[in-house]
Amino acid sequence: MGAEIGNINNGKMIEEELDIDFTDSELVSHVRHALKSVALTSILFASVGVLLTVYLSTTARLQGDNDNYSQLVGLLHYNERLKADEVALLVTSLKAISGAVSYIDNVQHESLLTSVFSMSMWNYGPDVMDAMVDLITSLAASNGKYVDACLDMLVSNFSPPFRFIESLKLPYGKAKKEQVLDRVHFALECITDLIPLAPSRLLPIVMHRIHAIYQRTPEPVILMFVENIFKLESSAIGELVGNKRLISIVIDLLIDFDVQVGWDDILEENPHKGIFDMELEDEQILADIDDDGDDFAREFGGYGRIWKNGVVETLGKLDSIMVLTFEHLNCCKHSGRLVEVHSTLFVTVFESLLESFCQTVMNVYKSKFAQFVIFYACSLDPENCGVRFAEFLAGKFIESSVPPIIRMSAVAYLASYLSRAKFLSAPFVTGMLERLADWCKKYCQQSVSINPEAHKVFYAGCQAIMYVLCFNMRSIMEIPRLKSHLCFLPFREILKSPLEPLKVCLPSIVEEFVRQAKSAHLIDAKSGNPVFHDVLESELSKAFGGKERLDMFFPFDPCLLRKSDSYIRPTFVYWSTVKKAYEDDLDFSSDDDVDVFYPDMNTAESRDVELEGAFEEDDYFDDYHDSLNKMSITPKDSILKKRPNGKCTPLQMPSRLRPSMSPESL
Amino acid sequence: MDALKVSEGKMVVYLHPSKTKVISESIKRELSSHLFKFSDTFDGVLLAYEVVEVPSKLAKILSGLDPYLAVRLKANLLLFAPKPDTFLEGKVVKIARESIHVVILGFSAAVITEEDIRDEFKFKIKNGQEIFRSTSQKRHVIKVGTMVRFLVKSFDEEILHVSGSLIPASTGSICWLSKNSEEASRNCRKQRESEGRREERSTGTVDGGALSDEYHVLKKPRKQKVHEGNTTKLDSGRAEMVVNQ
């Protein structure tokens, strides 16, 4: 039979000029014959008990025909460096099988089907790939039973076999990747043309596969899978598959990786710093690494300084996936798909992200990185997405039917977002503050007294307001219209209410806020304020934060993943760059080498003199002054070698922020 | 189409407590989750629904871990239930030598394999396009985009896949079939009329041929030729059509 197949092959070459139809039909009938022969054999097997002798003789005769089938199946396993004629043979066989799909039975021809479905396009050249696409499409269209298996086979081709991974970096690997992925997505679209309901079956298959692979597989494989999911999402059949669900698959994957890394995997240098403490900017991470260090040091050195070694790999994957997501969002933005204002369906990529965020990210205990995806999406389109996100969070906070934990989490996100997003305008931030303040005012109009646990939502709201004002006080005050707007907000009423938020909220935030507020004449507290003795947190703040420590949750603190950070950085506000209300515009000398932190508070005192002049009669301020003096603020000097030029100078409090951390280390 | 029917259904929808804030939305969502799925209860694929009435504002609460609400309602349901040996119509999306692929109502896929296409049709490639053309009726062509009527052989309920057949003579391109049957019935009438008139008139040379000449004057030349070709076969064709209708 091998000779016969060979003849057909030669026959094809000879008959090229003749009517092509004839050759194809001959091949197809050959395959049909082979398939039928298996059917016959199996019928005989069934009656073996009765017709034993007949069976033996007939199988001997049919053995020859069964060989056809076995050879056909064997042919599909060729995948090692095929020569030209083997390629031709394979292509012809695949085409012939495509013609005979109606004769394939899923029980009798199981081995053939298994071989077909286990073929990987990555092993072959473009001709064989095309033939495979035809075969899979025909097979899917011929019978409903094969649709799922065909889709599964195509999805399995999203990522290459392991041995191919190394070659992906080379040009020929990249070319092959283009070839395979184009054909896979083309095949999916062809199947959809023939079977309109096929895309809805695709989603469970994709989900199943990604769950199967994400744990053990190397980074390039996962990345390629995610890339394919995005490609699917933006393809013609994306809507039919379900854009929302596809995006949520990726976000879920990010969360899965996120929770594998614990907060205590961060190497802390000095755990006893306040919230407005040292900020880990890239310069610091790289500060001690030589520029001509090797790739490894540059790649992992940064991580190594802050993360323990065990999680570096997971973080690498997470970082790369986030970068892929950012790139996809960029593409969506450029093609106008991020927000389709006039779309009748109003299913936009951003809405999918938002829904995914609401359902998964917000409910994760202190998600570390996944929220930056939505931050980036907002930065791409501040007027629509940026505003929508903030309003969504504010809505969640104000809605009383939402569980308290979710409300507190929402307001923490809102506070961090309003503070860190460079692209949000001051009027908008003021508007948001007004909403929060109004709610807080209504709340404290109930006659209640201080009780951190019972009124935790209220305290979360107050802390949020204070946090946002720490960042934005100066910029809001600079605009007269907004300044008057802000001054009309009921802060005094809220802060002096019996609920006493100033006592309960996180001390470091309260201090910073009060300090700025005084300089800006926002509040003038004549009554006493509690004195904090350099504590990060107090018992009361722990109480309102609850066991999740939502009092110390600042989700949009600087992203610690290097590659992702480079995307976020342009639209991100670092504490060091914020102009505080108590800084004036006098030009201090901005020597980078000056040791800006003085163990003795001399310069601090000189500043106090100015401030003191303004508030002579204020008892409170004296207490405050003392408390500030008592703070010990000696940061590590290595971190401060580079300071941005022209920025305001010696402050009594160290001026940078550090990612909020879990309280266990305190 | 035989396979489509509208049924009025009285049903109970069970809603989880978390979904009871806006009941109408939840009902719609629940019913929508059954769209394009085969349902044994309705004996068909649910294509569309219209909630006619929710008789009562009260709903029973089921006992159990989650206190589901049982909301009774009446709805009109559009169902698709093809049965074997009935006719269906769909649009051709792909022609191959061994099969014709059809999509019905935009959602259900049907395939007609080579054995189920009557011998009259031959596969040809014309102007780069694959078509099936009838050897006996040259104008009867099936190509991509044609609406065809075919016989249902089987229906896979899970994937909503129909296996069809073009063996019966009343199957094929709907356009051609309806045109052909129109002409056939028109010719039928004319012939009966002409036979009637023949009896009235004394001059006896009026026959089908002469009348059809008159008929020709009104029609375009192209159709004239077809008509001529068909008149000779008219009697047998007519008989066939009567049977199949």
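Just so it is clear, the model here is predicted, and its values are computed rather than measured. In what follows, every heavy atom counts, from backbone to side chain, and hydrogens, waters and symmetry copies are set aside.
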**OP:** Identify which part of Ser99(B) has an atom lying under 4.5 Å from any heavy atom of chain A, answering side chain, backbone, both or neither.
**Re:** neither
Heavy-atom count check: over 12 atoms from other residues, nucleotides or ligands less than 6.0 Å from [X] [atom1]?
{"X": "Lys83(B)", "atom1": "NZ", "answer": "yes"}
{"X": "Asp66(B)", "atom1": "CG", "answer": "yes"}
{"X": "Lys91(B)", "atom1": "NZ", "answer": "no"}
{"X": "Gln129(B)", "atom1": "CD", "answer": "yes"}
{"X": "Glu110(A)", "atom1": "CD", "answer": "no"}
{"X": "Arg29(B)", "atom1": "CZ", "answer": "no"}
{"X": "Lys10(B)", "atom1": "NZ", "answer": "no"}

Original post:
Which atom pair, heavy atoms only, marks the closest approach of Val103(B) to Asp193(A)?
Top reply: CG2-O, 3.8 Å
**OP:** Heavy atoms only: give me the nearest Ser142(A)-His161(B) pair and the separation to one decimal.
**Re:** O-NE2, 3.8 Å
Original post:
Which answer fits Ser401(A), side chain, backbone, both or neither, if we ask what part of it has an atom under 4.5 Å from a heavy atom of chain B?
Top reply: side chain
Subject >> Heavy-atom contact with chain B under 4.5 Å, split by part of Tyr146(A) >> reply: neither
Original post:
How far apart are the C-alpha atoms of Ile159(B) and Leu197(A), what are their side-chain angles, what is the distance that settles it, and do they pass the side chain to side chain contact (heavy atoms under 4.5 Å, CB included) test?
Top reply: CA-CA 8 Å; Ile159(B) 187 92; Leu197(A) 292 178; 5.9 Å; no
**OP:** Quick one: which of Ser102(A), Ser138(A), Gly99(A), Ala100(A) has the most heavy-atom pairs under 4.5 Å with chain B, could you say?
**Re:** Gly99(A)
**OP:** In plain terms, say whether Arg32(A) and Glu98(B) are close enough for a salt bridge, that is, a side-chain N and a carboxylate O under 4.0 Å apart.
**Re:** no
Subject >> Nearest-0.5 Å distance, CG of residue Leu160(B) to CD1 of residue Ile195(A) >> reply: 10.5 Å
